[in-house]
Amino acid sequence: MSNALMVALSLVRRAKSRLAAGVAGSGTSAAVWQIGDIQVELRRSARRRTLGLQVKEGRATAHAPASMSETKIRAFLELKRDWLTRHVRSQQATSAVQRGVHLGDSWQFLGETLLLQADSAAKKPYRLVGTLYLPPQNWQKHLQAWVSREVLPLYTELVTSYAEQLGARAKLGKVRVSATRSRWGSCTATGDIRLHWALSRAPLEVLRYVALHEAAHLLELNHSPRYWAHVKRIMPEHANYRAWLRQHGRELLLEE
């Protein structure tokens, strides 16, 4: 073996030794666990004393002491499964709508993700599995029209269900889809309710909140304490979804 080759091998061994020492010295390790539909990265640390859970940018991370048993960690994560799912899905939906939309992008629709694709031969939008094909000319208008048609049955179902839970079913008129840029929903004195088509892009919990918000106006056509008591009775956590709309609502709309 030549001297040059021996020197090269020695350098490689030293580099590997330093890398191993660095990893061992950090006292951390990572793994990925599946909790329901959510992937959780588990990070252990010899310096950590408590078990914690973090959701950031749609990704979940659990931080645990190096000595804690997998049984205890998994039990904790299972206990937090609903919280995990709600926050991960909400942040993923938020991330997906924070930028302008173009053909070839993904599109959030009632909790699903559709791929937007152009079809020059199409005269109207059509959906195949997870792809929505659109005529390239004025595709934004075609997209909005398609969404407005597709969401009406669910919007009607949600509003009707909440009206029944509130004991106001007899006061409900027609349910329609709106496109105004000034409000997410409305309820008239005659009981007609409108919900914005772009709410289909929001997390489902936010859509349900707006449906309940308008259904509660069947009992109180105002925002008095008595009105909010009706909303809270059905959805105690409604303030979370109001806050989401205030922060991210404008991102749901297509750019003009």
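Since the model is a prediction, treat every value here as computed from it, not as a measurement.
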* Taking the six-membered ring of W184, is NZ or CZ of R246 closer than 6.0 Å to its centre and within 45° of its axis? ->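 Not satisfied by the 6.0 Å and 45° rule.
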* Under the ring-ring contact (aromatic ring centres under 6.0 Å, His included) rule, collect the residues that match up with Y155, sequence neighbours excluded. =>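 Partners of Y155 under the ring-ring contact (aromatic ring centres under 6.0 Å, His included) test: none.
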Exceeds 12 heavy-atom contacts within 6.0 angstrom, atom [atom1] of [X]:
X	atom1	result
E78	CD	yes
R81	CZ	yes
R226	CZ	no
Q137	CD	no

* Asked: Ring centroid separation for H87 and W83, is it under 6.0 angstrom?
  ->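 They qualify: ring centres under 6.0 Å apart.
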* For the residue pair H213 and W228, is the inter-centroid distance of their aromatic rings smaller than 6.0 Å? ->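 Yes.
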* When clusters are formed from ILVMFWY side-chain contacts under 4.5 Å, directly or step by step, what else is grouped with Y126? ->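 Reading the cluster by chain and number, Y126 sits alongside L128, Y133.
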* With a 4.5 Å heavy-atom cut-off, do R44 and I73 have their side chains touching? ->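 Result yes, sub-4.5 Å side-chain heavy-atom pair found.
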* **Expected output: side-chain H217 to main-chain E220 donor-acceptor under 3.5 Å** =>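 Present.
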* Asked: Would you find a donor on one side and an acceptor on the other, under 3.5 Å apart, between the side chain of R127 and the backbone of V129?
  ->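 Yes, R127 side chain to V129 backbone: donor-acceptor pair under 3.5 Å.
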* At their closest point, which heavy atom of L77 faces which heavy atom of L53, and how far apart are they? ->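 In terms of heavy atoms, the two residues are closest at CD2-CD1, 3.8 Å.
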* Asked: What class does the angle between the rings of H238 and Y209 fall in, given that below 30° is parallel, 30 to 60° is tilted and above 60° is perpendicular?
  ->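 Because their plane-to-plane angle is under 30°, the rings of H238 and Y209 count as parallel.
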